[in-house]
Amino acid sequence: MKKTLLLIAMIPILSFSQKKEVLKYFISKDTLAGVKDQDGKIIIPAQFKIYSDLEDGELVKEETIYFDGSKKGEAKEKNAWGYVYDKKGNFLYRPFFYDNGADYFREGVRRFAKNGKVGFADRNGKIVIEARHDFVSYFDYGYAVFCDGCDWEKTEDEHKAIVGGTWGVLNTKGETVKPIAKSSDKNKEIQGKYYPNPFQYNEKEKNILQFFYKQNKTLSGLYYINVYPEMSDAEKKLLFEIVERPKENFPYYQINTYASSMDSMVSERFKFLVSEDGQEKYAMDYNEKVPYKEWLSNEIKEAEQFQKEHLDNPNKFVK
């Protein structure tokens with residue numbers, strides 16, 4: 001059940017809280033974990049068997065308290081892994097079990113499980129979509145796929161797959177969305193059907209995105225430098241979309257970079273944060289915020305070095 005350190009290092013876990021409270025995990029004599037405040041007051045009693053490398057006295061760095069394991073005396077729950085509490089010690093939810101641990105945050109939310117159903121919570125622990133469906137995928141380009149009446153079934157290679165049921169598509173409000181005839185390059189294709197462009201912006205947000213679109217040639221050159229075979233300039237154009245807006249403990253717009261609405265895999269190297277006033281810009285280097293100009297300079301140096309070592313790379317980066 002334990003994740004490798006490499007995998008954990010790849011997950012972007014950022015702390016933006018401006019609160020002054022200092023909370024620490026503690027390990028009891030019987031190796032169970034809990035949380036205390038800076039004065040030693042117990043906020044959450046030691047009752048969790050932890051499967052990650054949690055150390056006694058380790059700080060709570062995120063906006064919520066997370067226990068990566070099982071709770072003493074509590075029965076196993078379908079699709080659930082770990083426990084999430086607020087910083088006052090109130091239970092919030094159990095994360096959805098994914099990739100041998102708790103689901104990751106994608107587009108500002110992650111899945112949780114309740115009574116065998118799946119919903120979504122934000123980084124502050126607020127439930128943004130209630131647990132109503134038997135299965136829901138993570139959000140990708142503003143949409144998630146869900147099913148009802150389906151279940152997990154082992155495949156020949158001992159992995160599990162979702163089978164049966166009735167399938168549909170959700171937007172970020174939790175609403176079921178119907179397919180349409182394709183009308184734009186920003187329509188999202190899911191299982192051979194098209195869905196409306198999910199991103200709508202006010203003038204301020206359009207201006208924030210314009211900063212990245214003005215650098216599309218440079219950024220696409222960096223993005224595709226190690227891609228084979230050769231691509232045209234039109235094929236290399238990128239899309240920049242706001243997937244999370246400022247909220248308590250998170251004073252940023254998060255911008256994801258997409259190859260297209262059809263092939264919407266997001267590179268961890270091309271996720272950006274912009275301050276609420278639009279002045280500060282950062283790249284998300286996994287669990288670190290790097291000033292945008294510094295990140296861009298490093299990316300260009302790496303690209304130039306890559307081309308020196310791979311003279312045959314078809315998609316040349318031109319500064």
Side-chain angles (χ1 to χ4, degrees), residues 1 3 7-27 32-39 41-72 74 77 79-115 117-131 136 138-139 172 174 243-252 254 271 273 284 286-289:
M1 292 294 183
K3 295 185 181 181
L7 182 58
I8 292 175
M10 293 177 64
I11 304 172
I13 304 176
L14 303 176
S15 180
F16 301 97
S17 177
Q18 298 174 351
K19 296 179 180 179
K20 296 182 179 180
E21 69 236 88
V22 176
L23 301 180
K24 298 179 180 180
Y25 294 98
F26 72 94
I27 309 298
L32 297 178
V35 167
K36 295 179 180 179
D37 66 14
Q38 57 191 351
D39 298 321
K41 178 184 176 181
I42 294 178
I43 304 300
I44 302 174
Q47 54 189 321
F48 300 92
K49 182 179 179 181
I50 300 301
Y51 292 88
S52 58
D53 297 324
L54 183 69
E55 296 183 2
D56 188 57
E58 187 172 321
L59 291 175
V60 175
K61 299 177 181 178
E62 288 73 57
E63 309 314 327
T64 54
I65 299 168
Y66 171 57
F67 294 100
D68 179 33
S70 56
K71 186 176 182 180
K72 183 179 180 181
E74 192 157 297
E77 183 175 349
N79 295 331
W81 179 261
Y83 295 79
V84 174
Y85 289 74
D86 68 19
K87 290 187 175 181
K88 294 181 180 180
N90 300 307
F91 171 74
L92 297 176
Y93 65 87
R94 298 200 63 188
F96 180 78
F97 180 72
Y98 178 73
D99 198 16
N100 292 327
D103 192 32
Y104 313 144
F105 281 99
R106 289 181 173 87
E107 303 194 3
V109 296
R110 73 170 169 190
R111 292 169 290 182
F112 74 94
K114 182 177 181 180
N115 299 325
K117 305 292 184 179
V118 184
F120 289 86
D122 70 12
R123 67 178 70 250
N124 288 320
K126 180 182 176 182
I127 304 303
V128 295
I129 298 178
E130 294 291 342
V136 190
Y138 54 78
F139 273 97
T172 55
V243 297
E244 186 172 10
R245 289 172 168 81
K247 60 173 67 71
E248 183 183 3
N249 303 320
F250 185 78
Y252 300 99
Q254 181 181 322
K271 290 183 177 181
L273 298 175
M284 293 172 63
Y286 298 110
N287 61 341
E288 297 290 336
K289 284 192 317 190

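These figures come from a predicted structure and were not determined experimentally.
Remark: Asn90 pairs with Asp86, Lys88 by the side-chain contact (heavy atoms from CB on, under 4.5 Å) rule, at least two apart or across chains. Judged as a side-chain contact (heavy atoms from CB on, under 4.5 Å), and not counting sequence neighbours, the contacts of Thr64 are Val84, Leu92. In this structure Lys49 satisfies the side-chain contact (heavy atoms from CB on, under 4.5 Å) test together with Leu32, Tyr51, Ser70, sequence neighbours excluded. Under the side chain to side chain donor-acceptor pair (under 3.5 Å) criterion, Asp56 pairs with no residue at all, not counting sequence neighbours. With sequence neighbours excluded, the residues forming a ring-ring contact (aromatic ring centres under 6.0 Å, His included) with Tyr83 are Phe48, listed by chain and number. For Phe26, there are no ring-ring contact (aromatic ring centres under 6.0 Å, His included) partners, not counting sequence neighbours.
Geometrically, Arg94 does not engage Tyr85 in a cation-pi contact, judged by NZ or CZ lying under 6.0 Å from the ring centre and within 45° of the ring axis.
Counting non-hydrogen atoms of other residues, nucleotides and ligands closer than 6.0 Å to NZ of Lys247 gives a total above 12. No more than 12 heavy atoms of other residues, nucleotides or ligands shown are found within 6.0 angstrom of NZ on Lys126.
For Trp81 and Asp68, the side-chain atoms include at least one donor-acceptor pair closer than 3.5 Å. Checking Tyr93 against Arg111 by side-chain atom types alone, no donor-acceptor pair falls below 3.5 Å. A side-chain donor-acceptor contact under 3.5 Å links Lys289 and Tyr252.
A pairwise comparison of heavy atoms in Phe139 and Ile129 identifies CZ-CD1, 3.8 Å as the closest pair. Closest approach of Ile127 and Ala121 over heavy atoms only: CD1-CB, 3.9 Å. Residues Ala102 and Arg110 approach most closely at CB-NH1, 4.1 Å, considering heavy atoms.
Rounding to the nearest 0.5 angstrom, the gap separating the CG atom in Leu59 from the CD atom in Gln38 is 10.5 Å. Here the straight-line distance linking atom CD of Glu244 with atom OG1 of Thr172 works out to 11.5 Å at 0.5 Å rounding. Rounded to the nearest 0.5 angstrom, Asp103 CG and Phe112 CZ are separated by 11.5 Å. Atoms CD and CZ, from Glu77 and Phe97 in turn, are 13.5 Å apart once rounded to the nearest 0.5 Å. Note that the CG atom of Asn115 and the CG atom of Asn79 stand 11.5 Å from one another [nearest 0.5 Å]. Separation of atoms CD1 (Ile50) and CD (Glu55) is listed at 13.0 Å; rounding is to 0.5 Å.
Side-chain atoms of Asn124 come within 3.5 Å of backbone atoms of Glu248 as a donor-acceptor pair (strictly under, hydrogens ignored). The backbone N or O of Tyr66 lies less than 3.5 Å from a partner atom in the side chain of Tyr25, making a donor-acceptor pair. Although no hydrogens or angles enter the test, the distance criterion places no donor-acceptor pair under 3.5 Å between the side chain of Asp39 and the main chain of Lys41. Of the possible donor and acceptor atoms, none in the side chain of Gln47 sits under 3.5 Å from a partner among the backbone N and O of Gly34.
Two residues are said to be in side-chain contact when any heavy atoms from C-beta on lie closer than 4.5 Å; Phe96 and Tyr138 fail this criterion.
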Before giving the answer on side-chain contact (heavy atoms from CB on, under 4.5 Å), spell out for Leu23 and Lys87 the whole-Å C-alpha distance, their side-chain angles and the decisive distance to 0.1 Å. CA-CA 8 Å; Leu23 301 180; Lys87 290 187 175 181; 3.7 Å; yes

Passes salt bridge (Lys or Arg N to Asp or Glu O under 4.0 Å), Lys117 versus Glu130? Steps please. CA-CA 9 Å; Lys117 305 292 184 179; Glu130 294 291 342; over 6 Å; no

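A salt bridge is absent between Glu58 and Lys61: the closest approach of a Lys/Arg side-chain nitrogen to an acidic carboxylate oxygen does not fall below 4.0 angstrom.
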